[in-house]
2 protein chains.
Amino acid sequence: MQGHNISDIIEAYLKQILAESERVEIKRSEIAELFNCVPSQINYVIKTRFTIQRGYLVQSKRGGGGYIRIEKVKLLDDRDMLDTMIQLIGEQINQRDALVMVQKLYDDQVIERKEANLILAATSRDTLAVADHNLEARLRAHILVGILNHLRYERE
Amino acid sequence: MQGHNISDIIEAYLKQILAESERVEIKRSEIAELFNCVPSQINYVIKTRFTIQRGYLVQSKRGGGGYIRIEKVKLLDDRDMLDTMIQLIGEQINQRDALVMVQKLYDDQVIERKEANLILAATSRDTLAVADHNLEARLRAHILVGILNHLRYERE
DNA sequence: ATAATGATAGTCAATATTAGTCAAAGTTAA
DNA sequence: TTAACTTTGACTAATATTGACTATCATTAT
């Protein structure tokens, strides 16, 4: 999954630390130097890979002694997570973000592997086969929300 | 089948690697250069020779460090029935007929109860929420076919 | 206290680096 | 001859990288 470019490598590095600990705190410039990239690339990595959808909370401080802190967040229960996801989806969602959500549901054992794959099949671009991408994203959102709602009450 | 043209040769090259390994990961431009063809020919080869029907799964990423990954998947015994169903569905299907199909999948133990309910949720009129009934039926057909295609093989 | 300075991090848009799509043109085989 | 298949390239889309400019915070000087 990783290792094809610097962003992937930085992502892996941070996640390795997060596998041991609940949070990681870095100094942006140090990480940039460590991986031989510009500081703003760290922001790019965080923005694309440590989103709330994926279960991460990011805080930072500027100025002297500044830092970036990434924290794994834990939603209280499945119901809570499903509600949050439904909110996050809103009116449309692209395939990548949908994958992230399904992955999170699987990681947190809300759904099984086969169910996860069914959902991905149902919401893939190939399946929807709509020319207009905006419409496609809206449809995907509807289907995903429909499924999440179903999961929401099935578990009660 | 044999090396009558470049597409066949590229196909053979990739399949030779896949004979040793479960997956092959390429950089499109490199392969194109290796075989002295335009990059989009690689897409053509993949589209015509590495389909899910033949037991291959393809993933890719664009941008820096991009790649195309081809994976062999194990096709399951149920695939004849699934193929028949896919044919039966055609371009559109109503909710009642979809229910019949899902029921059959459950009866034949291709899917579990939870999975069946999930599929029904994904294809219900409420979820699809399109005004035009014809469009709704077409969309349902696409989703169902997408799901059936994914049931044809075993996932990691 | 307040202002100036230095040390951080954030934003955004330009550029770079890939892969995907599509249709026209060319080739082959029935 | 014609229908299917292959080749090609112009255009599009997605993702990554970079750097100039901005915002915020802590410390020091006035």
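Reminder, nothing fancy here: chain letters follow the sequence lines and each chain counts from 1. As a basis for the values below, the full set of heavy atoms in this structure was taken, side chains included, without hydrogen atoms, waters or symmetry mates.
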Query raised in the report: Taking the six-membered ring of Phe50(B), is the NZ or CZ of Lys15(B) close enough (under 6.0 Å from the centre) and on axis enough (within 45°)?
Result: yes
Requested in this report: Pick base, sugar-phosphate or nothing for Tyr44(B), based on heavy-atom distances below 4.0 Å to the nucleic acid.
Outcome: base
Query - Rounded distance in Å - CD1 (Ile10(A)) to C1' (dT17(D)) - result: 10 Å
Report summary line: When rounded to whole Å, the CZ to C1' distance for the pair Arg28(A) and dT22(D) reads 12 Å
**Report entry** Presence of Ser60(B) side-chain N/O under 4.0 Å of dT18(C) phosphate oxygens OP1/OP2
**Finding:** no
Query raised in the report: So, is Arg125(A) near the phosphate of dA14(D), with a side-chain N or O under 4.0 Å from OP1 or OP2?
Result: yes
Query raised in the report: Is the phosphate of dA16(D), meaning OP1 or OP2, less than 4.0 Å from a side-chain N or O of Gln41(A)?
Result: no
Report task. Remember a base hit wins even if backbone is also touched, and classify Gly63(A) as base, sugar-phosphate or nothing at under 4.0 Å, heavy atoms. Result -> base
Report task. Using a heavy-atom cut-off of under 4.0 Å over every strand shown, decide if Arg49(B) touches base, sugar-phosphate, or nothing. Result -> sugar-phosphate
Query raised in the report: Side-chain N or O of Lys61(B) less than 4.0 angstrom from OP1 or OP2 on dA14(D)?
Result: no
Query raised in the report: Atom CD1 of Ile42(A) to atom P of dA9(C): distance rounded to whole Å?
Result: 10 Å
Query - Arg62(A) (side chain) and dG10(C) (base): donor-acceptor pair under 3.5 Å - result: no
**Report entry** Donor-acceptor pair under 3.5 Å, Ser40(B) side chain vs dG9(D) base
**Finding:** yes
Report task. Return the value, rounded to whole Å, for the distance between atom CG of Asn43(B) and atom C1' of dT8(D). Result -> 13 Å
Query raised in the report: Looking at Ser7(A), does any N or O in its side chain come under 4.0 Å of the phosphate oxygens OP1/OP2 on dT17(D)?
Result: yes
